[in-house]
2 protein chains.
Amino acid sequence: MNNIELTDREKSILRHVIRQFIVTANPVGSRNISKRYNIGLSPASIRNIMADLEDLGLLGHPHTSAGRVPTDRGYRFYVDSLMEPAKLNKKELDYITANLEPDTYETENLLKITSAILSTITNQLACITYPKFDNALLNKIQLVRLSSQRIMVVLTIQSGLVKTITLEINAEIEDDKLMGVEQLLNERLAGLNFQEIRKTFSERIKDGFNTEYKPVMRVFIDSMDKIFDDIKINEKTVISGAKNIIKHPEFGDHEHFQSVIELIEDKDVIVHIMEKNKDISSKDVSIIIGGESEDEKFSDYSLITKEYNIGDINGKLGVIGPKRMEYGKIIAAVVYIAELLTIELKNQKL
Amino acid sequence: MNNIELTDREKSILRHVIRQFIVTANPVGSRNISKRYNIGLSPASIRNIMADLEDLGLLGHPHTSAGRVPTDRGYRFYVDSLMEPAKLNKKELDYITANLEPDTYETENLLKITSAILSTITNQLACITYPKFDNALLNKIQLVRLSSQRIMVVLTIQSGLVKTITLEINAEIEDDKLMGVEQLLNERLAGLNFQEIRKTFSERIKDGFNTEYKPVMRVFIDSMDKIFDDIKINEKTVISGAKNIIKHPEFGDHEHFQSVIELIEDKDVIVHIMEKNKDISSKDVSIIIGGESEDEKFSDYSLITKEYNIGDINGKLGVIGPKRMEYGKIIAAVVYIAELLTIELKNQKL
DNA sequence: AATTAGCACTCTATAAGATGCAGTGCTAAC
DNA sequence: GTTAGCACTGCATCTTATAGAGTGCTAATT
């Protein structure tokens with residue numbers, strides 16, 4: 001995909017420009033580089049190289065007499081070939097351990113806390129999706145009678161997470177019938193994943209349909225989507241840290257400010273971008289830079305995400321910020337927290 | 001509390017100033033009023049009256065040669081004595097009916113949708129708290145075995161709402177003991193409210209403590225807070241509509257922008273203010289204007305809230321915006337939606 | 001006695017210059 | 001291939017000028 005060949009000197013200049021721009025947020029000039037790093041080249045030579053890099057589409061100009069600014073392609077090259085990996089420092093690690101205690105919270109709250117931590121450490125927006133139940137393996141179904149006409153369906157999945165759904169039934173159901181249905185459902189569905197159950201539910205239980213259980217089964221058929229459908233991710237996705245991200249100089253004007261608000265309130269854009277590149281080997285960190293997202297609204301941002309796992313199910317967490325972000329550091333943070341979450345949640349008897 | 005006596009003429013001028021300021025967001029001058037409303041007074045006379053109103057603390061000046069601006073006291077007088085009640089128009093009513101269908105959602109989602117609607121109609125921030133379980137009357141407790149060492153406690157309250165908590169037990173519990181405990185708990189606790197249960201739990205079940213149920217009972221004692229404690233309101237409170245509120249001219253600069261973000265991300269300020277005036281007859285609309293909140297961070301905002309009820313429990317919903325808001329209209333919206341929610345939720349067999 | 005016209009004054013917002021600066025691109029010299 | 005030199009460009013910032021909206025006070029008017 002990225003078959004650009006650069007000389008060592010070009011790489012060095014490109015790296016300096018991007019590094020410098022990430023730190024200062026100002027277009028980087030030739031003189032600046034020549035002086036700051038004693039690179040053994042005059043500003044004029046650096047200008048020539050910069051011009052070449054611009055021809056290659058790696059750098060750009062805001063206007064004639066401004067310094068150079070990385071393009072999306074420039075960032076991409078930097079991330080793929082130039083950047084050296086970073087590590088979290090002691091202070092950051094301490095902050096995480098001090099604040100993240102997965103076993104003390106219920107899942108939803110854990111997500112909020114994790115997101116807040118990730119955001120604080122990176123000084124960007126953080127987001128985290130609720131784990132997807134699509135691949136969840138059903139351990140068992142239990143039916144609890146709430147009142148004469150309402151039952152609660154309790155689904156336990158292999159990882160130990162529990163999902164409950166309340167069903168309305170327009171008829172009195174005797175206790176023994178309820179237990180019969182419970183047993184039937186368990187026999188037919190236990191061990192399967194939700195996706196599979198959705199596809200083959202009617203088929204699997206159709207013989208139970210012509211028995212005394214019919215009225216209850218009907219309710220289950222009707223509510224199947226509600227019970228086994230995946231959760232609506234963007235309702236459960238947490239995005240936090242607006243107060244961090246708006247301090248960056250790119251959000252000085254009203255327009256960009258508004259764009260942050262939109263990003264946070266309509267989670268669809270972010271969730272969609274996070275979901276999109278699912279075909280990319282899902283264990284790795286995914287990095288999406290500006291226009292690569294193919295979403296106009298996201299063209300000023302970058303997104304770094306990674307999967308985390310809770311037994312049989314998984315979600316994603318990530319960081320969103322202006323393209324001018326410290327990729328190395330943020331990747332380290334995302335990876336660290338995703339892995340921490342995965343390990344801790346595995347140890348936890350959910 | 002507000003024993004200011006004004007002449008009709010003063011009232012009229014004050015009303016005009018506030019009305020005008022609410023619409024235009026610019027300090028209102030004497031000439032402006034004299035021309036716009038043919039009030040039969042020259043600018044000079046109006047200036048005299050304005051000066052009087054300023055002495056009374058109802059109006060203020062941003063600087064010497066600017067027009068007048070309402071003070072908190074001015075708004076308060078307006079809201080209490082000057083404003084005439086407004087009604088929602090057909091378009092707004094239609095919008096609400098088209099979007100709010102309480103019986104199709106689970107509670108948490110319903111809150112989100114309600115908040116979004118309220119925000120759209122008023123063009124301000126909307127917020128809504130999860131109903132407080134403090135006064136909830138316990139209907140019954142059910143214990144569901146999730147695995148050998150985990151049980152789910154299902155609490156059904158009178159209104160039909162259900163709360164579930166998962167407990168970890170460090171010992172194998174036989175089925176019959178579980179059922180015995182369930183029965184015991186129901187006998188002792190059903191019909192009481194959560195607050196009462198919290199206070200008297202150990203007392204009420206202490207005789208069950210020296211029986212074969214001891215190990216299970218111990219877990220209940222230890223987890224009592226988790227089970228019967230009130231939900232942490234600010235975790236469940238929904239605030240939405242930032243994209244509406246930031247369009248108002250008062251949020252032109254960075255500082256005010258940041259203040260909105262803080263308000264949304266740290267819900268504590270809002271939740272605290274909403275909770276504070278609970279002693280005021282809780283059925284009525286509550287209006288808090290700027291400094292009346294006694295919170296520095298809230299001094300530029302007003303808050304209009306009302307209670308809504310789901311059977312035995314209740315929450316609050318409200319609108320937050322700059323003090324320069326259309327009080328009449330927003331009160332109408334808050335009242336209407338709170339009542340709609342209450343009625344609809346009553347009809348709903350939860 | 002209340003109202004109004006007139007006027008000097010104040011503060012702000014906006015536009016228009018003026019100036020400096022950072023940086024480029026090109027050419028010619030090294 | 002590299003660098004010095006130079007003309008040029010666009011932006012940011014500061015200053016200054018100007019217009020406008022509004023006040024407060026005083027004196028005239030009703």
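The sequence lines fix the lettering, A, B, ..., with proteins before strands; numbering per chain opens at 1. Just so it is clear, the model here is predicted, and its values are computed rather than measured.
Ion pair B/Lys243/A/Glu262 not flagged as a salt bridge, since none of the NZ, NE, NH1 or NH2 atoms sits closer than 4.0 Å to an Asp/Glu carboxylate oxygen. Taking the charged nitrogens against the carboxylate oxygens, A/Asp72 and A/Lys323 do have a contact shorter than 4.0 Å, which makes a salt bridge. With salt bridges taken as basic N to acidic carboxylate O contacts below 4.0 Å, one links B/Glu92 and B/Lys329.
If you run side chain to side chain contact (heavy atoms under 4.5 Å, CB included) between B/Leu59 and each of B/Val28, B/Asp52, B/Val69, B/Leu14, only B/Leu14 comes through.
Distance B/His61 NE2 to C/dT12 P: 12 Å, rounded to the nearest Å. The CG-C1' distance, from B/Leu41 to C/dA5, rounds to 15 Å in whole Å. One can place NE2 of A/His63 at 9 Å from C1' of C/dG23, the figure rounded to the nearest angstrom.
Residues of residues 42-52 of chain B that place a heavy atom closer than 4.0 Å to DNA chain D, in numerical order, are B/Arg47, B/Met50.
Counted by atom type alone, A/Ser240 and A/Ser119 present zero donor-acceptor pairs between their side chains at under 3.5 Å. Judged by distance alone, the side chains of B/Tyr301 and B/Ser293 never bring a donor and an acceptor atom under 3.5 Å apart. Using modelled atom types, one finds a donor on one side chain and an acceptor on the other under 3.5 Å when comparing B/Thr7 with B/Glu10. Side chains of B/Tyr37 and B/Gln20: a donor-acceptor N/O pair is present below 3.5 angstrom, by distance only.
Residue contacts shown for B/Arg31 are absent, as no nucleic acid heavy atom lies under 4.0 Å away.
For DNA chain D, the outermost nucleotides in 5' to 3' order that have an atom under 4.0 Å from a heavy atom of chain B are D/dA21 to D/dC25.
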